[in-house]
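Residue numbers start from 1 in every chain, and the chains themselves are labelled A, B, ... in the order their sequence lines are given, proteins ahead of strands.
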Amino acid sequence: MKVVFERSKGLLNTETHYCPGCTHGIIHRLVAETLEEMDVLEQTIGVASVGCSVLSYQYFNCDMTQAAHGRAPAVATGIKRVLPKDRIVFTYQGDGDLASIGMGEIVHAAARGENITVIFVNNAIYGMTGGQMAPTSLLGQRTATSPEGRQPQTQGLPIRVSEMLATLDGASYIERVSTHDVAHVMKAKKAIRKAFLTQQEEKGFSMVEVLSTCPTNWGLNPEESLQWVKQEMVPYYPLGVYKDRQYKGEES
Amino acid sequence: MKVVFERSKGLLNTETHYCPGCTHGIIHRLVAETLEEMDVLEQTIGVASVGCSVLSYQYFNCDMTQAAHGRAPAVATGIKRVLPKDRIVFTYQGDGDLASIGMGEIVHAAARGENITVIFVNNAIYGMTGGQMAPTSLLGQRTATSPEGRQPQTQGLPIRVSEMLATLDGASYIERVSTHDVAHVMKAKKAIRKAFLTQQEEKGFSMVEVLSTCPTNWGLNPEESLQWVKQEMVPYYPLGVYKDRQYKGEES
Amino acid sequence: MGKVLMKGNEVIGEAAILAGCHYFFGYPITPQSELVAYMAKRLPEVKGLFLQAESEVSAINMVYGASSAGVRVMTSSSSPGFSLKQEGISYLAAANLPAVIVNIARGGPGLGNIQPSQSDYFQVTKGGGHGDYYTPVLAPSTLQEIVDLTQEAFRIADQYRTPVILLGDGMLGQMMEPVEFLKTDNQIVIDKEWATTGTKGDGSPKTITSLDLNDVKLEERNCKLQEKYKLIRRNEIKVDTYLMEDAEMAIVAYGTVARICQSAIDRVRDEGMKIGLIRPISLWPYPTDVIASYCERLNKIVVVEMSAGQMVEDVRLSVEGKVPISFYGRTGGIIPTVEELVEQFQMHGNGVLR
Amino acid sequence: MGKVLMKGNEVIGEAAILAGCHYFFGYPITPQSELVAYMAKRLPEVKGLFLQAESEVSAINMVYGASSAGVRVMTSSSSPGFSLKQEGISYLAAANLPAVIVNIARGGPGLGNIQPSQSDYFQVTKGGGHGDYYTPVLAPSTLQEIVDLTQEAFRIADQYRTPVILLGDGMLGQMMEPVEFLKTDNQIVIDKEWATTGTKGDGSPKTITSLDLNDVKLEERNCKLQEKYKLIRRNEIKVDTYLMEDAEMAIVAYGTVARICQSAIDRVRDEGMKIGLIRPISLWPYPTDVIASYCERLNKIVVVEMSAGQMVEDVRLSVEGKVPISFYGRTGGIIPTVEELVEQFQMHGNGVLR
Amino acid sequence: MKEEIIIAGFGGQGVMSMGQLLAFAGMKQGKEVSWLPSYGPEQRGGTANVSVVISDSKVGSPIIDSPTTVILLNNPSFEKFEKKVVPGGNILTNGDLVNLPCKRNDISLFSIQATTIAEKLGNHRVAGMVILGAFIEKTGILSKESLVEALLHVLGKEKQHLIPVNIAALESGMEMVL
Amino acid sequence: MKEEIIIAGFGGQGVMSMGQLLAFAGMKQGKEVSWLPSYGPEQRGGTANVSVVISDSKVGSPIIDSPTTVILLNNPSFEKFEKKVVPGGNILTNGDLVNLPCKRNDISLFSIQATTIAEKLGNHRVAGMVILGAFIEKTGILSKESLVEALLHVLGKEKQHLIPVNIAALESGMEMVL
Amino acid sequence: MMRIIIKEDYCKGCSLCIAFCPQEIIQLANRLNRNGYRPAEVLDQNKCTSCAACARMCPDSVISVFRPEKNKIKAS
Amino acid sequence: MMRIIIKEDYCKGCSLCIAFCPQEIIQLANRLNRNGYRPAEVLDQNKCTSCAACARMCPDSVISVFRPEKNKIKAS
Ligand SMILES: Cc1ncc(C[n+]2csc(CCOP(=O)(O)OP(=O)(O)O)c2C)c(N)n1
Ligand SMILES: Cc1ncc(C[n+]2csc(CCOP(=O)(O)OP(=O)(O)O)c2C)c(N)n1
Ligand code: SF4
Ligand code: SF4
Ligand code: SF4
Ligand code: SF4
């Protein structure tokens, strides 16, 4: 029997605490497989953020540091800047973490052209704390802190992080992908690979925004959740490459 | 004799602590004149930030609150949200304040479509603390913390704040202007007026980025400084309107 | 309106609204998120405003803005988020701005966990932000007391123009108990002529600032602050005692753990031990004199905290060596059980020091 | 290399480099900005890295990252910026990460001013961030002492895996004095097998975290921290005394103000008063026992601070009522003059309490 | 009179709302009550438990070291809480989900096929009510009436149609321990 | 021997570097020294002063309450510091910039037209050196040689060509108080 | 012949594999695993084409997929 | 006739008015004001066209500009 698919060695052999059907798990797998395939697990340091993925340091088969809420890009900067250049450093952040409290850190990491890879899991809500509004929550979306649905007048409009960061000269590679079906999952994998390659080639800041689900706090079952990603999120958060500048510091 | 020009009533009758030739003074005047002309001085609350303009609360002839470094947009939000709608609230912030430590606050105020006006004074350096690199310092620019000139590999690339914020749906009016000669100063005034009108008409977030000088920390005399704005800054920070969406919450 | 069954976090919210606080700027963090959610739902109903800030730093600065505009305003967080508010709290104190800030504390340090803890005592009573300032700190131990103290907090904040901290923990925040909301004087909001609301009709520009580049001026500001603190120390000490009339041994405990202590004391009393409870309600100003006043009669004080020992310093400062003091603490979010406290009290009652 | 004339802020930088610290993440703030500028110039010369962070919050978290990768690393700020680092410091402490954090304190609270002050004492020694943690705090009073203590700070940080705070103020940061840089053992950097540098060649993944969702686990972490603190309390107390051999009255003061006190003591001694100085160098752990050991002989202690009275609590905790204590403080960035201290000491020497 | 009850099970099994019903009913009956939840890190799944005190006098500690009754809805909870019950106390389990042998002989064990019964009543979600019925019948701490009042309150206007089946479940549970 | 010197003037007049020269020269001469600046809020303009202690014994407080010498470069500084000098101390002013009458008669006042002299020497920027020359001649705390050594150090390689004019200024200043 | 193996203990019964299996041969078992979830189970291994859609959509990396070697004939 | 008035005490001698005066009639005085700056002064008020360029570029709002009323003849 030929192995068509098996659990990545980039994942430790352990159960996760994620809710049934939460696509955090798929994204973990994609990152793990990429690192495994690039054969860099032994030289990778991951930075777990605060959110449902806070425990990701128990799941990835590489060195991991856990960062304060929103500060993963700063922590990753500290790690990347002091270690030999062959080290691969990535952050794994939710949208509350990255786009709300961590906005300053992500913008500046991108502007600095920090040679790290950011896996940005956008599920349009705060998962871990029980379903509050995120900066990425859609208009009209009901959450614990927008019980009547997000209103533009009071709560403002969702932030398209990839588009925003793409305006920064320091950012080299930015793509938005989704996990709502097999084809998109495979595309997501390619993007993640490209991001890590960008780092390996020392081309600067790379980020993949992955549209993800939160069945629990959306109040939908896992399958409905994927539909919601496709029908509600993708239109507001168009998929695609937002930056592929392959910037090398020297050239500018 | 007809009065062609006199000191605005929007300014208190007092000397400023600004260095000779520093264009903070011009920008103060423009804001003061606008508020005077719109006849809203009595219903305006300004928010002074931390930077050379920290003492601007001693100069403007309207109620003023002094905010912590970088947090002026949050403070302005607090003020605007609790007062009657006819109140005009503005922040006056330097580039260190707004684009470095205050990045999270400004992005989110813009994303929320916060109905305030931001006067963003970009002088490509930290003035008050003695000339350190700002996120807006140009490549190659020598500062106290980039003694060899700003290097993209270590210190990243300057942030074009107006372009970046313009990607946000919540932002209604964003323009970049300059103070390097009479014509541009007059244009700057128009932009500032437009920004305050945007607020008065309850159309949401408005910001004017004003290119400004810091003769002291640039090591140039005031006149050379204006030349430097024209020749070095304007090319990297193109002038113009970046957003004029006149967004009304209801429409989206 | 009679008794209702509510979660502690929600009780805080409802009590704040009752106290005329219609503005809340918050950021989610367990175990206080129910308060944020409650305000999001309730405030629009009273034509108030709930706004979720982008961070705790931003939230406290929104509070600074709202307070400078003269309204009653609140924010809340839990330990790590509370740490982020320190600069802002120092600014509020320095600028003489009233506000109520809730800390539903959790296990620390660092990310810690989400269980109840009292290990932020030092932060809220001594350290926290930079500079010479204090904030009144109120520590309820039942949900009914939350109703009262939340309103008191607003009264104190306005009266002295100071930020006030309401300190709870995950247990108080997430448990339910029947509570009753009664009208009190604390709901009367005084006029704030100092607020920056626009000069319209009231003369020359007003400013709110905490900057005094001149050292003499800044010393003056500090002296005024210290005078204010003296006044608060004189007027606003709150403390509860239980069975202290004839006690020879006193337990000193506050908040959540004081409840457990009370149950344990009941049991030990049954065995004939003369034991009582001193429960500081205001942690700053601290009921130093009340504790000192018992010294003569006591031959032992046991301080119990859900921390490695923080309030115990204030007890030692109160007692100044006159009574031997022992400390019993649990950390990491563990709430001591009645059984283990009974054991501790018995042990110390027998004159055995830990 | 002989003596050189340097600013205190620069001395910190050079001493750090001498101690093998080649990484610095900073953010400008007066009166510590010279340190940032110095590192920006010097670190590239030693093939190290200076990075200006976007904020103090970011800087402390970059330090967290660099430290977790195993290098000696430093950051610095002044009071308001230091407040912003509190969450990060709590994280460093909880995750057992070594780092040296400099606070060149200024007048507070709030924005305050840029003059020297000691009003962050509580923040650095007790409160600060959330949770039960302490950080060793070293407080030099001369520039030469900065050279030594900066290096000590790195030694302590690595040895105990803890953040260490170097506390100065605007006067120490901005004055110049001749200093000499000597090699010491503190320059020896020990191997950090716990660092997350990639697993290459050394087995299974390592993690750095401060999260323990399980309360029993978090209590274990806290117990280990407390054991570490006990050890530090035992080994790392530093204190200096001046003319205490026959003193009947002791001045307790640290840092900048201790220098002024010393000059004042010299003058008062000339008048025949038996007065001496106890100068705590480590503010945490505090030299409680040393102070207590003088109690028998003293009939008066005067604590002098550039604050409204913070360290005085630690003196009271040391003395436990055995000697009357007076406090003299200036705030707002005012440094007391020798003259006014002489007057104070004379007054208290005559048995007059303030 | 005082009952200290712990209800435990997987997240999603309705543990918290069962506790809430008891506390609410207790309050309505004029008793002092407290309700204290305890969750794992998981948002969904994992295990959860709630402590409810119902007492004639003021509730000191809402934390229960030695419950007088435990209601257990899965095997892990059974393993964890079986040993904590006071001698003479009650263990109520959903026998459809808990199948471990009981090691205690100083307590009363009621293993109720609550899911089966609930399904028979036409709604598997009322399994919890079956057990609560057994609980009030056994302990006598709460009347059926106050529990029904609590139900009315908790279900709210929109779900009034579920009242009958819930009452039926309650009654079946009460009968189980007669 | 101990000199406690305050130098004060407008920002930009070179107050800080004059102080630095003194401190450096003092150190080179084997003395204990300290240098302590004090600024206003202005980055440029405004007033600034520096306190320099040069002493044979360890410097306790670098802060000077009662200076033995003050060097004053503008009228506001004169107003502020005139009264602080110890009886018997020195006040040195740049007479081109300070024109207020002196109210003290228990001190030595030296009003030197330093700018005029400097301009005669061909570089108005060396006015400060003229005054420092007068200072060392008057107090004897520092030798001319150590001040020149300090100059060499402070000016650095690139500005060596300025040494002669600075020395000339120093010497004119020394002559002024002979 | 086992084409897919489901590590039952790790399964959370989310049903995504079921939703994405083109052959519709996965279902939730009628028992609970040790975590209280009804795990996925395969109805008919022979109908499996080893397309790995289930595995790729499984958030918990529960499923391994195999293909008979040198077997060029596609299963049904 | 005074076309422009310079509030000397507020002037910082930055010279921007000088740089932008199309008539080149402003210069720095040879004295210091109370803040130690050489203030701007006007050489020849008659040459002033009241264009207000100086005033608009003055960072310190030091300059007021007037125009003779009903005087349709441009100066110079
Ligand atoms: C300083 C601080 N503030 C708030 C929190 C509470 N908190 C934990 S996770 C989280 C949000 C997580 O949401 P997101 O980043 O979207 O990740 P998700 O859980 O949805 O994967 C928050 C606010 C915290 N731990 N620390
Ligand atoms: C929390 C905090 N960090 C740092 C500072 C120090 N600080 C004061 S002003 C300033 C930068 C000002 O630069 P900018 O905003 O560009 O304004 P400018 O002075 O150039 O007008 C800094 C870093 C502070 N006061 N507070
Ligand atoms: S709460 Fe949402 S994001 Fe978090 S694990 Fe559950 S489904 Fe995933
Ligand atoms: S330092 Fe620069 S920005 Fe500040 S007042 Fe002077 S010239 Fe203007
Ligand atoms: S997708 Fe995975 S976790 Fe979900 S039911 Fe299938 S095998 Fe189980
Ligand atoms: S522009 Fe203004 S401040 Fe500058 S020299 Fe002219 S009048 Fe003076």
Exercise. Quick one: what part of V52(E) sits under 4.5 Å from any heavy atom of chain C, side chain, backbone, both or neither?
Worked result: neither
Problem set entry | P62(E) to I260(C) - nearest heavy-atom pair and separation | CD-CD1, 4.4 Å
Problem set entry | Among E177(C), M171(C), Q174(C), M176(C), side-chain contact (heavy atoms from CB on, under 4.5 Å) partner for L36(E) | M171(C)
Exercise. Crowded around R125(E) CZ? As in, over 12 foreign heavy atoms under 6.0 Å?
Worked result: no
Exercise. With a cut-off of 6.0 Å (strictly less than), are more than 12 heavy atoms of other residues, nucleotides or ligands near NZ of K28(E)?
Worked result: no
Seminar exercise, completed: Looking only at heavy atoms, the pair that brings S263(C) and S61(E) closest together is OG-N, 3.1 Å
Problem set entry | Main-chain N/O of I63(E) paired with R259(C) side-chain donor or acceptor, under 3.5 Å | no
Problem set entry | Residue E45(C) excluded, over 12 heavy atoms near CD under 6.0 Å | yes
Exercise. For E339(C) and S66(E), which heavy atoms make the closest approach, and how far apart are they?
Worked result: OE2-OG, 3.7 Å
Exercise. When you look at NZ of K80(E), are more than 12 heavy atoms from neighbouring residues, nucleotides or ligands closer to it than 6.0 Å?
Worked result: no
Exercise. Does E343(C) CD have over 12 foreign heavy atoms under 6.0 Å away?
Worked result: no
